Amino acid sequence: MNDDSNSLVAQVGLEQLVQALPPDSRLPSYRQLQQRYRLSPATVQRMLADLARRGLVVTRPGSGTYTAPRRLATAPADVSWQTLALGSRASLGADLEQMIQPGPLDSISMSSGFLDEGLQPLGLLGAAAARAARRPQTWSRMPAQGVPELRALFASETGAAFTAQNVLITPGGQAALSAVFRHLCAPGDPVIMESPTYVGALAAARAAGLTLVPVAGDSQGIPPDALADALGRTGAKLVYLQPRYSNPTGAVLARDRRAAVLNSVAASGAFLLEDDWMRDFDLGPPSPAPLATIDDHGHVIYLRSVSKPVAAGLRVAGLAARGPALVRLRRGRISDDLFVAPILQHIALDVLTAPGWSRHLGLLRRTLRERRDAVVAAITAQLPDCRIDLVPSGGVHVWLKLPDTCAEASVVEKAAALGLSVSPGRISFPGEPPAPYLRISYGAADGTALVTGVRILADAIAASSS
Ligand SMILES: Cc1ncc(COP(=O)(O)O)c(C=O)c1O
């Protein structure tokens with residue numbers, strides 16, 4: 001036998017020996033082990049070092065190698081002191097944490113805004129990742145604002161007033177929301193939000209210590225009069241909106257409201273954070289251009305992420321601003337995490353400029369249109385007591401009103417027990433919800449699964465109604 005095959009046998013033998021000996025027993029000497037297993041000194045040394053790394057033996061210089069001492073059984077750690085040390089911080093609730101958890105593998109997901117693997121451009125991503133990994137710049141320090149070409153691409157989508165200098169790359173849209181709330185506002189400041197709204201925006205604003213000011217939206221987006229009233233009443237300097245296919249309702253800010261909304265914000269000397277998370281998700285005629293394109297004086301801070309049209313794991317977004325707000329955000333973002341991993345930025349740039357990108361978007365829209373139609377048809381047929389006020393012309397969510405007699409939390413729980421995950425409506429409201437709702441997503445399950453899901457939902461609703 002050569003030293004290699006010997007060492008395999010020896011490794012097993014030595015491990016058995018160590019396990020058989022009581023704690024703190026001296027092992028045979030190096031020389032004895034060499035002779036017993038017919039190994040070179042270097043191999044014996046390597047094997048003992050490996051056992052030491054795994055905590056099975058300890059070396060005492062000048063004395064020899066011993067089996068590890070027995071660890072005294074310890075009582076479970078008492079971390080109760082932390083409750084007092086941390087104090088009260090009601091602002092960090094569990095809603096977003098629960099929503100972002102992937103469900104069991106065999107369950108149907110109608111709760112995620114992220115697309116399933118079948119709708120991710122895996123071919124484009126694989127090729128882009130291989131190319132990005134080979135670029136020497138990928139592993140170096142880089143301008144903190146991000147890869148210039150990617151910033152230029154995002155700027156060109158944002159409006160004529162924006163150049164690459166106006167864009168900061170962030171690790172996803174969520175990080176950008178958090179940066180805006182923390183770096184442009186101080187704890188206690190009011191922030192106006194259309195209600196209902198994105199649970200992650202609520203979580204980030206609460207974590208920043210902001211005071212949420214809800215303004216009820218309708219199927220046309222936020223009503224300009226109500227917005228003007230809230231701005232005047234609270235003196236808020238920040239408004240958060242998703243003018244395109246709002247999460248959760250799917251509403252698009254109507255064309256005849258857009259100028260009035262922007263004028264109200266400008267007249268109050270405030271900022272509008274435009275979260276264009278569904279930029280690529282028109283399922284019918286094109287939706288209006290971003291409000292950023294009609295903003296003359298730097299009121300709009302524009303956000304677009306690639307995690308929805310590409311893949312949840314591609315944590316890249318572009319945040320565009322002008323004037324001193326840009327400087328604050330730039331410095332704030334550097335203080336957050338210096339810069340986004342260049343490899344992700346190069347992959348995003350490569351995918352978004354690949355010849356196959358527009359084909360991918362075409363497939364994505366066709367598939368989502370079919371899924372939306374399937375889920376709406378199934379709801380109409382199987383849930384006659386529920387209501388959809390707006391069949392969305394884009395995006396990935398349907399906002400479903402449950403019968404008033406139905407307990408929302410119970411529906412979610414019973415559906416989960418039957419293998420279906422749906423989002424409770426409650427978490428999308430800054431305050432108390434006016435009625436029971438569910439957010440039904442058609443981005444992460446195919447048409448057949450969606451129809452099965454609605455059938456499960458019908459059972460869960462029946463079992464939760466009084
Ligand atoms: C409205 C909205 N904005 C922003 C985000 C954040 O997305 P990401 O951090 O994946 O870019 C989400 C995620 O679901 C969202 O729904």
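Read the numbers this way: they start at 1 and go in the same order the structure lists the ligands and their atoms. Since the model is a prediction, treat every value here as computed from it, not as a measurement. Residue numbers start at 1 and run along the sequence shown.
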**Q** Taking the minimum heavy-atom distance to atom 15 (C) of ligand 1, which of Tyr245, Phe114, Tyr198 ranks first?
**A**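 Comparing heavy atoms across Tyr245, Phe114, Tyr198, the nearest one to atom 15 (C) of ligand 1 lies in Tyr198.
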**Q** Is the closest heavy atom of Gly113 to ligand 1 under 4.0 Å?
**A**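 So Gly113 does not count as touching ligand 1.
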**Q** Determine whether any heavy atom of Arg315 lies closer than 4.0 Å to an atom of ligand 1.
**A**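 Right, Arg315 reaches ligand 1.
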**Q** Identify the protein heavy atom lying closest to atom 1 (C) of ligand 1, giving its residue, its atom name and the separation to 0.1 Å.
**A**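 Here the nearest protein heavy atom works out to Gln242 OE1, 3.3 Å.
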**Q** So is there a nitrogen or oxygen of Trp277 less than 3.5 Å from a nitrogen or oxygen in ligand 1?
**A**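 Among all N and O atoms of Trp277, none is under 3.5 Å from an N or O of ligand 1.
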**Q** Does any non-hydrogen side-chain atom of Val300 lie less than 4.5 Å from one of Ile294?
**A**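 Sidechains of Val300 and Ile294: no contact.
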**Q** List ligand 1 atoms under 4.0 Å from Ser305, heavy atoms only on the residue side.
**A**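 Near Ser305, the atoms of ligand 1 are 8 (P), 11 (O).
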**Q** Can you establish whether the number of heavy atoms outside Glu413 located under 6.0 Å from its atom CD is more than 12?
**A**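 Counting neighbours around CD of Glu413, 12 or fewer heavy atoms of other residues, nucleotides or ligands fall under 6.0 Å, so no.
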**Q** Salt bridge check, Arg304 against Asp276: does any charged N sit closer than 4.0 Å to a carboxylate O?
**A**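 So Asp276 does not pair with Arg304 through a salt bridge.
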**Q** Going by distance only, is there an N or O of Leu177 that falls short of 3.5 Å from an N or O of ligand 1?
**A**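 Min N/O separation from ligand 1 is not below 3.5 Å for Leu177.
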**Q** Distance to 0.1 Å, residue and atom name: give those for the protein heavy atom nearest to atom 4 (C) of ligand 1.
**A**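 Closest protein heavy atom to atom 4 (C) of ligand 1: Asp275 OD2, 3.4 Å.
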**Q** If you count the atoms of ligand 1 from 1 in the order shown, which ones are under 4.0 Å from a heavy atom of Gln174?
**A**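 Matching atoms, with element in brackets: 6 (C), 8 (P), 9 (O).
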**Q** Find all atoms of ligand 1 within a distance of less than 4.0 Å from any non-hydrogen atom belonging to Ser307, and give their numbers and elements.
**A**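 Listed by number with element: 7 (O), 8 (P), 10 (O), 11 (O).
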**Q** Got a salt bridge between Arg279 and Asp282, using NZ or NE/NH1/NH2 to carboxylate O under 4.0 Å?
**A**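 No salt bridge links Arg279 with Asp282.
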**Q** Only counting residues at least two apart or in another chain, list the ones meeting side-chain hydrogen bond (donor to acceptor under 3.5 Å, both in side chains) with Gln174.
**A**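 Residues passing side-chain hydrogen bond (donor to acceptor under 3.5 Å, both in side chains) with Gln174: Tyr198.
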**Q** Determine whether more than 12 heavy atoms belonging to other residues, nucleotides or ligands lie under 6.0 Å from atom CZ of Arg328.
**A**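 Not buried by this count: 12 neighbours or fewer within 6.0 Å.
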**Q** Working to the nearest 0.5 Å, report the span between OG of Ser441 and CZ of Phe114.
**A**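 These two atoms lie 11.0 Å from each other.
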**Q** Give the residue, atom name and distance (to 0.1 Å) of the protein heavy atom nearest atom 16 (O) of ligand 1.
**A**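 Minimum-distance protein heavy atom for atom 16 (O) of ligand 1 reads Asn247 ND2, 2.8 Å.
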**Q** Please test Ile343 against Trp139 for side chain to side chain contact (heavy atoms under 4.5 Å, CB included), starting from the C-alpha separation and ending with a verdict.
**A** CA-CA 7 Å; Ile343 191 158; Trp139 307 107; 3.7 Å; yes
**Q** Report the nearest protein non-hydrogen atom to atom 7 (O) of ligand 1: residue, atom name, distance rounded to 0.1 Å.
**A**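 Result for atom 7 (O) of ligand 1: Lys308 NZ, 3.3 Å.
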